[in-house]
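Step one of this worksheet: look at the structure below.
Just so it is clear: chains get the letters A, B, ... in the order the sequence lines come, proteins before strands, and each one is counted from 1. These numbers were taken from a predicted model, which means no experiment stands behind them.
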Amino acid sequence: EADIYQTPRYLVIGTGKKITLECSQTMGHDKMYWYQQDPGMELHLIHYSYGVNSTEKGDLSSESTVSRIRTEHFPLTLESARPSHTSQYLCASSAGGEDEQFFGPGTRLTVL
Amino acid sequence: QKEVEQDPGPLSVPEGAIVSLNCTYSNSAFQYFMWYRQYSRKGPELLMYTYSSGNKEDGRFTAQVDKSSKYISLFIRDSQPSDSATYLCAGRAAGNKLTFGGGTRVLVKP
């Protein structure tokens, strides 16, 4: 089983709050990713990182930001949550290639 | 038009039947194709990986890619209730990121 963790698993929060979704992996993978997934919809890449101090925006525009100060840690932050941010957020990592990505269990975010 | 399209289902089959899943894609530059399985309240996990056209078999699972028609398939033989999940297909071009389909939900009834 892949060792990639996400906290919290579920979060219900009010509009305007600042939130940070945590993602950690113990596999030493250089590449890490954040996806957004709405029910029954495809995964959309919102951020990725190829290593420490490297972050890039993905295909889907997102108001969130990420940081990669340590290899194992890739947190995602929303400065001011809005109802449109309600979704499931999945974190993933990979060793070398893009294709075998190990996913965390996801954080289901609801913004009221 | 979405780059990768899947019927959302649900696809309901009796235990022991063959599950047939399909996916179409529009980007002719795709060379790498994957099937991920996602159980409820879990993240996806890689099930099958195929490069270019052809077939690949792994146990009860067979993946097929037909690049001429931009069509990829996954077959699950002797299906089990534990195969009930959402199956996501994905493709990518060399040097690019993965593009996922929306997934097909499969229910295998005992």
Side-chain angles (χ1 to χ4, degrees), chain A residues 1-11 21-25 27 29 31-50 54-60 62 74 87-109, chain B residues 1-11 21-27 29-52 56 58 63 65 72 85-107:
Chain A
E1 189 169 332
D3 296 329
I4 181 163
Y5 308 98
Q6 289 186 245
T7 57
R9 292 292 314 276
Y10 303 92
L11 180 61
L21 307 184
E22 301 287 349
C23 176
S24 295
Q25 51 97 4
M27 297 173 283
H29 289 170
K31 296 181 177 178
M32 295 190 74
Y33 314 84
W34 275 104
Y35 291 89
Q36 190 172 334
Q37 183 184 35
D38 292 319
M41 302 297 287
E42 54 274 354
L43 278 74
H44 289 290
L45 181 68
I46 52 175
H47 297 283
Y48 63 97
S49 167
Y50 283 169
S54 154
T55 61
E56 302 285 347
K57 289 189 180 293
D59 302 325
L60 182 68
S62 174
F74 191 39
S87 189
Q88 173 159 258
Y89 293 84
L90 286 161
C91 180
S93 70
S94 66
E98 304 277 345
D99 303 322
E100 184 168 20
Q101 297 186 19
F102 294 90
F103 283 82
T107 294
R108 192 169 295 275
L109 172 66
Chain B
Q1 182 190 5
K2 296 178 183 177
E3 269 195 293
V4 181
E5 301 243 28
Q6 290 183 259
D7 187 320
L11 176 63
L21 300 168
N22 303 303
C23 206
T24 58
Y25 64 95
S26 59
N27 189 338
F30 278 3
Q31 293 180 285
Y32 305 90
F33 304 91
M34 282 121 268
W35 284 96
Y36 277 77
R37 177 175 61 196
Q38 185 174 20
Y39 290 114
S40 180
R41 305 189 191 286
K42 302 269 188 179
E45 57 179 335
L46 182 65
L47 197 59
M48 296 286 282
Y49 169 88
T50 314
Y51 169 69
S52 194
K56 184 173 183 179
D58 184 1
V65 177
I72 55 180
T86 297
Y87 291 80
L88 305 162
C89 64
R92 74 174 182 90
N96 281 12
K97 300 288 171 291
L98 285 180
T99 301
F100 286 88
T104 299
R105 187 170 162 229
V106 172
L107 297 171

>> Do B:Gln38 and A:Gln37 make a side-chain contact, defined as non-hydrogen atoms from C-beta onward lying under 4.5 Å apart?
In response: yes
> Relative to chain A, which segment of B:Gln6 carries a heavy atom at a distance below 4.5 Å: side chain, backbone, both, or neither?
Replying inline: neither
> Given the options A:Asp38, A:Leu43, A:Leu45, which has more heavy-atom pairs under 4.5 Å with chain B than any of the others?
Replying inline: A:Leu43
>> Can you tell me which portion of B:Pro44 sits under 4.5 Å from chain A's heavy atoms? Options are side chain, backbone, both or neither.
In response: both
> Heavy-atom distance under 4.5 Å to chain B: side chain of A:Leu90, backbone, both or neither?
Replying inline: side chain
> Do the non-hydrogen side-chain atoms of A:Gln101 and B:Leu98 ever get within less than 4.5 Å of each other?
Replying inline: yes
> Which bit of A:Tyr10 is near chain B, if near means a heavy-atom gap under 4.5 Å: side chain, backbone, both or neither?
Replying inline: side chain
> Which atoms of B:Tyr36 come close to chain A, meaning under 4.5 Å heavy atom to heavy atom: side chain ones, backbone ones, both, or neither?
Replying inline: side chain
> So, the side chain of A:Arg9 versus the backbone of B:Arg41: is there a donor-acceptor pair under 3.5 Å, distance only?
Replying inline: yes
> Under 6.0 Å from the CZ atom of B:Arg37, do we count more than 12 heavy atoms belonging to anything else shown?
Replying inline: yes
